Amino acid sequence: MSYEKIIEQNRKWIDETFAKLDKKLSVTAVKSRDKIPYTTKDGVHDDRSKDVHGWINGFWGGLMWLMYEATGNEDYKKTALRSEEIEDKAFEDVEKLHHDVGFMWHILAGANYRLTGNAEARNKNLFCAMSLMSRYNVEGDYIRSWNNWSKDDNTGWTIIDCMMNIPLLYWASDEIGDTRFKKIAMRYADMAMRDHVRPDGSVNHIVVHDTENPDVVIETLGGQGYGVGSCWSRGAAWALYGFVLSYIHTKEERYLDTAKKVAQYFIMNAESTGWLPLLDFRAPEEPVYYDSTAGAIAACGLIEIAKNCPEFEKNMYLSAAIKMLKAMEKEWCDWSDTNDSILQMGSERYGSGMHMPIIYGDYFFTEAVLKLRGSKFLPW
Ligand code: GLY
């Protein structure tokens, strides 16, 4: 069945879900204008605006830009701009910036620039791209992820999540016509293809590299998943969406092929649990832990694969995305006006912070619905 036909068959659900998103978000856009929400307490958005270097801080403003682009409602724009203003404090201490400047700024200041032409926002986003590029380790051939924590030396660590940060580099490359940004992004994608994605389509969250020899992987770590050798579902979703984005920005088939491989592994696992993704696809059967954020991110990637793959393959990826979104909408979305969050059952990591609403769940669920509705705005 063609892409368009599948969309038409689901048009009623897409339109109704978008209307529910707009109804709820147009209220919280005003109510939570001065906050950087992460989760909720007793149904009310919490506020992370004091932690200006937190990796999640772009999602609330980014969600507002998504909804502004879809509706033209100025309330969304006001809240997005306020979010960016709060986040500006992060530049007062640039040493604390890390690889997540893509998550934090590309969908915030970067979206501002792309939707409004704001020159100051463009400048900030370019600064972030330069900051991300400066984390490239020339001898080890990778972009360093985190800064050192108290007990760990993270110098040689890469995490699969960074596949979502490198679109900032593709953007900068095009924006100022300097291919160094794109080349380093591709170096990262090639490393992730080799060292993070396993032959069966499952994904390592953390890879520890020899800082001076690109051919040596010292070890892999379980990170936010169950353990070494397991498959943290959000990590798989970052890979799935991240690789198709790398394909979109470079047109290199190997990235689309990798996105498809991870997607097939993800689809197989999600289908086996009624399209409600587990927190880790390779963990003990009991207790059962879910992660809605993984499903929302993966749905975005599956839709982009469907748009970019040959005609006769589109059905599999698009139908899987819709089935997952519908299952999550039915089981996990809270459309009441007594809860500021929408998508419930997100999980931070295996063993803590599980089954709670998380702002990037709402962000990616909305991005996926807007894609199905026909939005041409690609925030990444
Ligand atoms: N990037 C961190 C996470 O996905 O939890």
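Since the model is a prediction, treat every value here as computed from it, not as a measurement. FYI, the numbering just counts along the sequence from 1.
Side chains of Y68 and D75: a donor-acceptor N/O pair is absent below 3.5 angstrom, by distance only. For the residue pair E329 / W13, a side-chain donor-acceptor distance below 3.5 Å is found, with atom types taken as modelled. When only modelled atom types and interatomic distance are considered, N165 and D100 share a side-chain donor-acceptor pair under 3.5 Å. Side-chain atoms of S246 and Y170 include a donor-acceptor pair closer than 3.5 Å. A donor-acceptor contact under 3.5 angstrom links the side chains of E69 and S375, judged on distance only.
Looking at S26, its side chain does come within 3.5 Å of a backbone N or O of K23 through a donor-acceptor pair. Formation of a donor-acceptor pair under 3.5 Å by the H99 side chain with backbone atoms of I143 is not found in this model. Remark: side-chain polar atoms of E175 are not paired, donor with acceptor, to backbone N or O of L126 under 3.5 angstrom. Although no hydrogens or angles enter the test, the distance criterion places no donor-acceptor pair under 3.5 Å between the side chain of R122 and the main chain of R114.
Screening residues 184-211 for ring pair (Phe, Tyr, Trp, His ring centres under 6.0 Å), with sequence neighbours left out, gives Y142-H209, H205-W232.
W60 and H45 have perpendicular rings, their planes meeting at more than 60° on a 0 to 90° scale where under 30° would count as parallel.
Under a hydrophobic-cluster definition in which Ile, Leu, Val, Met, Phe, Trp and Tyr are linked whenever side-chain heavy atoms come within less than 4.5 Å, directly or via other members, W335 and I358 are assigned to the same cluster.
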Can you give me every donor-acceptor pair (side chain of residues 211-223, partner residue at least two apart or in another chain, under 3.5 Å) with its distance?
{"from": "N213", "atom 1": "OD1", "to": "D215", "atom 2": "N", "distance (Å)": "3.0"}

